Amino acid sequence: MKLEMNGISKAFGQNAVLKSVSFHLNEGEICALLGENGAGKSTLMNILGGVIQADRGDILLGGVKHAFTTPAQSLSAGIAFIHQELNLINDLTVYENMFIGRELKKKNGFLDHKAMIRETQKVFDQIGMDIDPRAMVRELDASFKQIVEISRALMMKARFIIMDEPTTSLTDPEIQRVFEMLRTLKAQKVGIVFISHKLREVMEICDRYTVLRDGVMVAQGAVQDVTTADLARHMVGHEVVSGHREVSDNLGQEVLRLKNMSCAPYFDGVSLSVKAGEVLGITGLLGDGRSELFAAVFGSLEGASGSVYLDGKAVKIRSTLQAVKLGIGYVPRNRKENGIIKDMDILDNGSIVTWDMLGRKGLLNHKKQRADFEKQKQALRIKLDDVRNGITSLSGGNQQKVVLAKWLTRNPKLLILDNPTQGVDVGAKEEIYEIILRLAREGVALVVLSSEAQEVIRVCDRALVMYHGKVVDEVRGERMNEHEIMRLATGG
Ligand SMILES: Nc1ncnc2c1ncn2[C@@H]1O[C@H](COP(=O)(O)OP(=O)(O)OP(=O)(O)O)[C@@H](O)[C@H]1O
Ligand SMILES: [Mg+2]
């Protein structure tokens, strides 16, 4: 069966987001949907998934026209949309999640747990995944949660699965697990739309690609006929040159020093220091503890022992507000959970640094707030209609830029960036790298937490590799290469 979208157009107010876009997907095929931040990828898939409606255009399944006005309609036609913020309930078991709203019951009206466990097991067997149906969802890592959600879609007979940036917050082994599952699905004739900014993943897992630029379909073809450079060029409309790092030789005074920091079960005996003008990378795999370590430094994780020195003075940071006042900036790992405040508009998200400071909102100088944000909006090339629109009306990558913008306005002396380019397109990634390097030249001390070795190599002067909460080694110069980083990250 073939899925087709023909001449799809959609505008939000004056903003024409999709302009007569056509897209198709065959069964047993993985098709990448690519494009810069704000190109219209999620919007196109939201239309297919029945989340929103197109202004014009047709959706055809096996040649038959369909109109989806709700996600349920789209699902019953065999199309499942796996959103990045997964729809699972942590406090229930896997099998209970699989049957939410469709629980199997015995004749006497009681829930038939045995049958639900059996049916769940059947789906896992079908896709060759070793998950205990009775496990609590909260105990699963992010990749298994995604797999459970896909399994639920399969149980409801989904023939087409849409995945919108499924790997953004996954680590390498988790990504491989999801890919393994995608290959199995493909062999079973399921068609998959794969949205991602990670072009190397696209080369690895996808058969075909379709590129949107400013709401227009500009290129499509077989992945085997192109390189990542070709794809990047289609996306941005010109050649993307990746700069390279020149190691700074005029570092300033030490800004941050950590001595013997521990917090079970996350990290254990970590010591490090960062100087003004330096970019320190911290990398490793899932569970290496780096995110928790710097959450503790920023005052958002309690219970750590050890010492923190700022500008040579011992400090005890007990709250994020205190950290901000001391001149620390922090971009968290998971934007959707910690980086943005969904109910606030773009301007407030891009200028108000912590909840604690909201109390002072009455004193905000609105003119200055707007002017400051406008400056960052241009520097970061944030694509938006009106700063008073809700933050969630922005595309994912542009939301990430807004999170960065507020810190740039505050001029921190230490900036901690966890997963800084999450959901950001290839062109904008380079822009963010340039901003990191510019801040370093201006004397800011930077810590970049990332699981992407390429990213670390691109922007960092040196990097610490963590493994199970401990720093295994430091790499710099020649030794800062993908091979060495991977070797250390897996325990050396
Ligand atoms: N509900 C909405 N209201 C107003 N504008 C919207 C809404 N949803 C999306 N847009 C706008 O539509 C455009 C396309 O957004 P979309 O989310 O489809 O981009 P995307 O290609 O998925 O980008 P990203 O890679 O950053 O996720 C953006 O300019 C966005 O601001
Ligand atoms: Mg999107």
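Read the numbers this way: they start at 1 and go in the same order the structure lists the ligands and their atoms. Just so it is clear, the model here is predicted, and its values are computed rather than measured.
The aromatic rings of Phe298 and Tyr330 sit parallel to each other, their planes meeting at less than 30°, with 60° as the upper class boundary. The aromatic rings of Phe194 and Phe179 stand perpendicular to each other, their planes meeting at an angle above 60°, with 30° marking the opposite boundary. Ring orientation note: the planes of Phe81 and His83 are close to parallel, at an angle under 30° on the 30°/60° scale.
We find that Lys41 and Glu165 are not joined by a salt bridge, their nearest charged nitrogen and carboxylate oxygen being 4.0 Å or further apart.
The heavy atom nearest to atom 13 (C) of ligand 1, considering only Val17, Leu384, Asn46, is found in Val17. Counting only non-hydrogen atoms, the option in Gly390, Ser395, Ala11, Ser42 that gets closest to atom 26 (O) of ligand 1 is Ser395. Which of Thr43, Leu33, Asp425, Asn398 comes nearest to atom 15 (O) of ligand 1 through a heavy atom is settled by distance: it is Thr43.
With a 6.0 Å cutoff to the six-membered ring centre and a 45° limit on the axis angle, Lys429 does not count as a cation-pi contact of Tyr433.
Each of Gln422, Arg333, Glu455 was checked for a side-chain hydrogen bond (donor to acceptor under 3.5 Å, both in side chains) with Ser450, and the lone residue meeting it is Glu455.
The ligand atoms of ligand 1 that sit less than 4.0 angstrom from a heavy atom of Glu36 are 21 (O). For ligand 1, the atoms lying closer than 4.0 Å to a non-hydrogen atom of Glu165 are 25 (O), 27 (O). Each of the following atoms of ligand 1 lies closer than 4.0 Å to a heavy atom of Ser393: 3 (N), 4 (C), 5 (N), 6 (C), 7 (C), 8 (N), 9 (C), 10 (N), 11 (C), 30 (C), 31 (O). Of all the atoms in ligand 1, the ones that sit under 4.0 Å from a non-hydrogen atom of Ala39 are 19 (O), 21 (O). Counting the atoms of ligand 1 from 1 in the order shown, those under 4.0 Å from a heavy atom of Asn15 are 29 (O). The ligand atoms of ligand 1 that sit less than 4.0 angstrom from a heavy atom of Gly38 are 13 (C), 14 (C), 19 (O), 20 (P), 21 (O), 23 (O), 24 (P), 26 (O). Atoms of ligand 1 found under 4.0 Å from any heavy atom of Gly397 (numbered from 1 in listed order, with element): 26 (O).
Coordination check, Asn37 versus the Mg ion (ligand 2): failed, since every N/O/S atom of the residue sits at 2.8 Å or beyond.
Checked by distance only, ligand 1 and Asn37 come closer than 3.5 Å through their nitrogen or oxygen atoms. The shortest N or O to N or O distance between Gly396 and ligand 1 is below 3.5 Å.
Evaluation of the ring-ring contact (aromatic ring centres under 6.0 Å, His included) test over residues 16-40, restricted to residues two or more places apart or in two chains, returns none.
The distance from atom CD1 of Ile162 to atom CG of Leu3, rounded to the nearest 0.5 Å, is 8.0 Å.
Residue-ligand proximity: Gly35 is placed with every non-hydrogen atom at 4.0 Å or more from ligand 1.
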